[in-house]
Participant: 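Structure incoming, see below.
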Amino acid sequence: MKIISFTLLCAFYILFTAEADAQNTKSVSSPDGNLEIRVSVSNGKAQYAVHYQDVVMLENSPLGLVTNEGDFTSNMSFVDASTDEIKKNYSQDKIKASSVQYMANTLAYTVSNQEEKQITFHFQVSDHDIAFRYELPKWGDTRATVVERELTGFRFPLATTAFLSSMMKPMTGFARTAPSYESGYVTDAALESTTARFGYVFPGLFKVGEDGWVLLSETGVGSNYNGAHLSSFQDGMYTVEYPQMEQNNGFGSTGAQIGLPGFTPWRTITVGKTLKPIVETTIPFDVVEPLYEASQAYQYGKGTWSWIVWQDNSMNYEDQVKYIDLAAAMDFEYILIDAWWDERIGYKKMEELIQYANSKNVDVFLWYNSNGTANDAFQTPLNKMNTSIARKKEMKWLKEAGVKGLKVDFFGGDKQETMRLYEDILVDANDHGLMVIFHGTTLPRGWEKMYPNFVGSEAVLASEMLIFSQGVRENEAFYASLHPFIRNAVGSMEFGGVLLNKFLNRGNERGQERLTTDSFQLATGVLFQNPVQMFGLTPNNLTDVPEFELEFLRELPTTWDETVFIDGYPGKYSVLARRSGKKWYIAGVNAENAAKTLKINLPMLKGQEVSLYNDDKERQPTLQTVKVGKNGELTVTVQSRGGFVLTH
Ligand code: CA
């Protein structure tokens, strides 16, 4: 008898809970109906799940956070939910597309904790993207809080594999400048194997068995928050993790200080049956707005920089003249003059050098150390960007001298402390008509739209490591084949590539041998997107590479109206198309050990005669005219560690 009533009790309990769960489960679908998010509270815990065409892409995954004014991780109860829709169009001159239409259905889901403090989960679901964030209202008289950590998780189905770049150990590497988003990648890795001690940087790519692809990232982070990342895989999932305490030499909090009402940043989930929605996503920009107006119309373009191949020894007046002349001969708009210019050229001579550059129709970017208090990076100019007093004085000189942009290097980490420094540099630079490139840096999180004078961040194992490391040279094609699907899918990537020296040094006769072909290098000029491209050409390239390669680079745009996924598999090969005005560029690279013959579909070039930059079997550059089939089909062979570009 006792047993029966216990069983009955259990049955009632389960029935009751299931009914309560069903009642508080709210879902919202994308405008095309394919992507769906389901939010619920179960046993006092808030959770969400993601389905695409009714297939699970994320299983029930936790929502919640801990603040110093309240815990929102357990004993939660459902309050209410509402849905709405958003439609907006915007234009952008420095991302993968110039004109974007954003349509999403929204769900606002409010819960309260044991103390009856509320928070709201905001979801926006467009056809291939989910963006979500937490809203923290004013709690009585409480107008400020510190968010200490988050529960936000991502629980993938069992068959999923991961494509991830690990977070670097704080205060390690060159002059204790890590972390700076310059690790390699694991590809197609079993989730259980992704246990890097410091987690993984955004964005992270996941292949959900044969069901599709998911890209996780974060956007809308300025001075308002810290930069988060993915934890290592534990308890069957990844969670949103805040910066490690050890960053910035242990100084500054790991959480975020926000005023109420306030929001966490947007976390984004891009979902597709194929990789097309991943390559083409604009979600980092769809959900953010400009934070100030551009002080002027900024001009993007191409530049030369001596440091990448000729290194520190080129930091003298005469060598910089050679690179200004190279920029002029290439019809490039810019020269970037890198570290040590203040000591080895000097401010007075720099004014002369800028005038010389201007006389050749070339404008100047100058390098700065962001330090310093965050690490041991010693390259000068130092102590010019990290306080508003020094920065404004320096920028006054920069404006008077006619400098058009800055490259600021060696940042401390992802704490809110450092995010405030990025924003302070950007806003002061805009007041002085300066564009900004960041190196030794975090991922830009919506910055192209938020900050009108921001023109790109490194945040990748970039061209400098091709000079320094044989291992990176051997993996150059492998990494290049990943970027369109991962790093460059969510933000401009200041890679500093297109290296045409056979040997990546000043002599160009022996030493650091380039293992990729010339056409591979040209292809990266299209594949890697950044509105200002500093190319790794050297003055000798004017006479030692075929004229058609130089002509290609003279014509190459750096801003795009449209980007289209054509073919590829991250880590193996990658082909995409970009359009500038009426002109299409289709570029591909092959990271595999054997030549690859691809039958690609190019509806935009149906029946047209086009120029094909490619490699022959001896890996020498070729230029030929080919005709795309009336059905848009074209067969092209790509050499191992080679590449191609098609244009018309
Ligand atoms: Ca770097």
Side-chain angles (χ1 to χ4, degrees), residues 165-185 198 201-202 227 229 247-248 303-312 314-315 336-341 365-372 374-382 385-386 405-414 418 421-422 425 436-445 447 454-473 475-476 479-480 482-483 486-488 491-499 504-505 512 524 528-530 532-536:
S165 179
S166 61
M167 192 83 198
M168 298 162 88
K169 183 179 180 184
M171 304 306 290
T172 61
F174 173 74
R176 298 196 296 162
T177 54
S180 56
Y181 292 61
E182 295 178 41
S183 299
Y185 279 85
F198 299 97
V201 301
F202 283 126
H229 59 268
Q247 291 186 12
N248 296 63
T304 59
W305 58 313
S306 73
W307 184 84
I308 185 60
V309 178
W310 285 13
Q311 297 274 292
D312 285 354
S314 67
M315 211 39 64
L336 162 62
I337 303 177
D338 220 280
W340 301 118
W341 62 265
F365 271 69
L366 288 184
W367 185 94
Y368 281 85
N369 194 325
S370 72
N371 267 305
N375 53 54
D376 305 327
F378 47 82
Q379 286 89 336
T380 66
L382 197 60
M385 288 292 138
N386 59 323
L406 308 179
K407 169 183 172 182
V408 191
D409 208 339
F410 298 134
F411 285 84
D414 289 350
T418 311
L421 178 60
Y422 286 112
I425 291 171
V436 185
I437 294 168
F438 293 120
H439 265 236
T441 185
T442 193
L443 179 78
R445 291 160 164 90
W447 294 2
F454 169 76
V455 290
S457 291
E458 185 185 32
V460 65
L461 198 59
S463 58
E464 61 189 21
M465 294 309 293
L466 293 169
I467 314 293
F468 298 145
S469 159
Q470 176 67 19
V472 175
R473 283 192 292 280
N475 281 309
E476 182 181 6
Y479 292 130
L482 294 173
H483 299 322
I486 309 176
R487 166 64 183 85
N488 214 181
S492 298
M493 186 173 83
E494 220 283 304
F495 187 85
V498 185
L499 294 144
L504 305 181
N505 53 47
Q512 301 111 304
T524 64
F528 300 168
Q529 175 266 324
N530 203 68
V532 175
Q533 297 259 32
M534 301 300 179
F535 288 143

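Start at 1 and go down the list; that is how both ligands and their atoms are numbered.
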Participant: Test side-chain hydrogen bond (donor to acceptor under 3.5 Å, both in side chains) on Thr177 and Asn375; report intermediate values, then the result.
Facilitator: CA-CA 6 Å; Thr177 54; Asn375 53 54; 5.5 Å; no
Participant: What do you get for the angle at the Ca ion (ligand 1) between OE1 on Glu182 and OE1 on Glu458, to the nearest 10 degrees?
Facilitator: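 About 110°, to the nearest ten degrees.
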Participant: Given ring-ring contact (aromatic ring centres under 6.0 Å, His included), test Phe454 with Tyr422 step by step and report yes or no.
Facilitator: CA-CA 10 Å; Phe454 169 76; Tyr422 286 112; 9.0 Å; no
Participant: Classify the ring geometry between Phe411 and Phe438 as parallel (under 30°), tilted (30 to 60°) or perpendicular (over 60°).
Facilitator: perpendicular
Participant: With the Ca ion (ligand 1) as the point of reference, which N/O/S atom of Glu464 is the closest?
Facilitator: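 Looking only at N, O and S atoms of Glu464, the one nearest the Ca ion (ligand 1) is named OE2.
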Participant: With the side chain counted from C-beta on, respond yes when Val436 and Met385 share a heavy-atom pair under 4.5 Å apart, and no when they do not.
Facilitator: no
Participant: Tell me whether Asp409 has at least one N, O or S atom under 3.0 Å from the Ca ion (ligand 1).
Facilitator: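 Checking Asp409: none of its N, O or S atoms is under 3.0 Å.
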